[in-house]
**Student:** 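This structure is in structure tokens; I'll ask about it shortly.
We count ligands from 1, going down the list as the structure has it; atoms in each ligand are counted the same way. Here, residue 1 is the first one in the sequence, and each next residue gets the next number. Values below: every heavy atom of this structure, side chains too, minus hydrogens, waters and symmetry copies.
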Amino acid sequence: MPSLNDIRSTFLNYFAKQGHEVLDSSPLVPRNDPTLMFTNSGMVQFKNCFTGLEKRDYVRATTAQKCVRAGGKHNDLDNVGYTARHHTFFEMLGNFSFGDYFKSEAIPFAWELITREFGIPKDKLYTTVYHTDDEAFEIWKKVGVPEDRIIRIATSDNFWQMGPTGPCGPCTEIFYDHGDHIWGGPPGSPEEDGDRFIEIWNVVFMQNEQFEDGSMKALDMQSIDTGMGLERIGALLQGSHDNYDTDLFKALIEASADVTNVDPYGDQNVHHRVIADHLRSTSFLMADGVMPANDGRGYVLRRIMRRAMRHAHLLGVKDPVMHRLVPALVQQMGAAYPELRQAQSMIEETLKQEETRFKQTLDRGLKLLDDEILDLDDGAPLPGAAAFKLYDTYGFPLDLTQDALREKGREVDTDGFAAAMAEQKAKARAAWAGSGEAVDSTVWFDIADAKGTTDFLGYETEQAEGQI
Ligand code: ATP
Ligand code: MG
Ligand code: MG
Ligand code: MG
């Protein structure tokens, strides 16, 4: 059975044989791209090659790209622990053509790799095309996919965009049917969000550029951008529908079971999954220079860490544990990503400090949350003031409180939370204005808004970034 490391190599070697330059993953913090919080797909480092702004000395490339989807247009944070196929950090395998080959080569490449090299049975595969894309439909027919397995989709699922601006285009996707013992339906059906039919590969026909004012223009060149989740194809080739059953995740979940002393089976399994997933995203983000902070990228990192720490707490651990999992991760992924090994001691130290610090308020915060719920009617949302107190006094990011409540079938009154935040801010302004200091308070707040220097400003800054 091939390991994830083997599958990554097979993919890159296949495209190297087809004349593609094998390139390194780019960092998780996009260079020179303020529109994007984290690298969320393989095409990010090639954005300017598609628009023609940048010329390289090759027209075909292939990568295994580190991706984080925990904010912005593609946000899978809330899926982790609930689906078998989503992570906050994952590797996207991709092949790219910059004005070189287009649909009639990209589709046969993908088909040959998965059916011949990987040997996936054809009768388990389905494809989708954008509803108006007759050309892609015909090419799929030509490579041998029966017509009733080529599904036309009219939604944005088959029109790929990195974010609100940038190169984009219609796409075709490949799905695998894991069988009727798993809940879910084919793409386009009401049950498509289940884990039975899993999307493994997305092939984008880059031919448009989207601008801030909402307009879209056709690009001069037609290009290809593809993305296949390594963990999804890995699960499939290792005989499972579940990414968390792959060799890599099994090793991380085993390590989590070891340090927490809790079996990885049954009801506890979900906590180990979240811990394993969040261990990867937080470690890789730190290896790429993001540090925990109260605003921007650093606040997203801190939020992911704290979510993991709450799940460790639910497993009953008393002492910090996240840092003790880093060696298992380095063992699994350090060879493919040397930056992880280089940053190992810094990652361990930072995780330990953060967990030690959060533990001081985590227990009391969760106790407060439980007490608040006792007083609520069935299904009633948690009042915004309580969520704000958890945020302000106990360091609970709003989404951590939401995550905790979701398990209990409740939500947070987010309007009330925003109101409590605004009130706190107004009070702080008034206190400052009344302090008699010879400083224009509006100037101070402009600076604070720009730099995000305090805890409560952190939430706002994050919200603003989350929208891009
Ligand atoms: P889904 O519909 O399952 O959420 P997607 O359409 O959002 O996936 P794309 O943006 O098309 O995903 O990304 C390309 C490929 O990357 C997907 O086909 C999938 O194999 C993989 N992928 C996407 N999101 C994740 C994730 N959160 N975790 C693991 N793999 C992912
Ligand atoms: Mg998605
Ligand atoms: Mg999809
Ligand atoms: Mg897709």
**Student:** Short question: side chain of H20, backbone of L12 - any donor-acceptor pair under 3.5 Å?
**Tutor:** no
**Student:** In this structure, which one of R273, K250, R85 forms a salt bridge (Lys or Arg N to Asp or Glu O under 4.0 Å) with D242?
**Tutor:** R273
**Student:** Who's the nearest protein heavy-atom neighbour of atom 1 (P) of ligand 1, and how far?
**Tutor:** H86 NE2, 3.7 Å
**Student:** Quick one: which ligand 1 atoms are inside 4.0 Å of a heavy atom on E173?
**Tutor:** 6 (O), 11 (O)
**Student:** Return the orientation label for the F11 and F15 ring planes: parallel under 30°, perpendicular over 60°, tilted otherwise.
**Tutor:** tilted
**Student:** Rounded to the nearest 0.5 Å, what's the gap from CG on L113 to CH2 on W201? Could you check?
**Tutor:** 4.5 Å
**Student:** If we only count heavy atoms from C-beta on, is the F50 to F98 side-chain gap below 4.5 Å?
**Tutor:** yes
**Student:** Counting heavy atoms only, which of E192, R69, Q65, Q161 comes nearest to atom 24 (N) of ligand 1?
**Tutor:** R69
**Student:** Compare H74, E199, M228 and give the one whose heavy atom is closest to atom 6 (O) of ligand 1.
**Tutor:** E199
**Student:** Give the numbers and elements of all ligand 1 atoms closer than 4.0 Å to a heavy atom of H87.
**Tutor:** 26 (C), 27 (N), 28 (N), 29 (C)
**Student:** Does only the side chain of I200 get under 4.0 Å from ligand 1, or the backbone, or both, or neither? Count heavy atoms.
**Tutor:** backbone
**Student:** Should M92 be counted as touching ligand 1, given the test is an N or O pair under 3.5 Å?
**Tutor:** no
**Student:** Just need the protein heavy atom nearest to atom 11 (O) of ligand 1, so name the residue and atom and give the distance.
**Tutor:** N202 ND2, 2.6 Å
**Student:** Does the shortest distance from the Mg ion (ligand 4) to an N/O/S atom of E173 fall below 2.8 Å?
**Tutor:** yes
**Student:** Cationic tip of R406 within the cone over Y82's six-membered ring, i.e. under 6.0 Å and within 45° of the normal?
**Tutor:** yes
**Student:** Given 3.5 Å as the limit, does a donor-acceptor pair link the side chain of E231 with the main chain of Y244, or not?
**Tutor:** no
**Student:** What N/O/S atom of E199 is the closest to the Mg ion (ligand 4)?
**Tutor:** OE2
**Student:** Looking only at heavy atoms, is any part of W201 under 4.0 Å from ligand 1, and if so is it the side chain, the backbone, or both, or is it neither?
**Tutor:** backbone
**Student:** Is E355 salt-bridged to R324, going by a charged N under 4.0 Å from an acidic O?
**Tutor:** no
**Student:** Looking only at N/O atoms, are F90 and ligand 1 under 3.5 Å apart anywhere?
**Tutor:** no
**Student:** Please write down residue, atom name and distance for the protein heavy atom closest to atom 19 (C) of ligand 1.
**Tutor:** R232 NH1, 3.4 Å
**Student:** On a heavy-atom basis, I'd like to know which of A235, G227, C171 is closest to atom 14 (C) of ligand 1.
**Tutor:** G227
**Student:** Atoms of ligand 1 less than 4.0 Å from D76 heavy atoms?
**Tutor:** 24 (N), 26 (C), 27 (N)
**Student:** Between the side chains of R149 and D123, is the shortest nitrogen-to-carboxylate-oxygen separation below 4.0 Å, so that they form an ion pair?
**Tutor:** no
**Student:** Within the distance-only criterion (no hydrogens, no angle test), does the side chain of D263 pair as donor or acceptor with the backbone N or O of Y265 below 3.5 angstrom?
**Tutor:** no
**Student:** Considering both backbone and side-chain atoms of E231, is one of its nitrogen or oxygen atoms within less than 3.5 Å of a nitrogen or oxygen in ligand 1?
**Tutor:** no
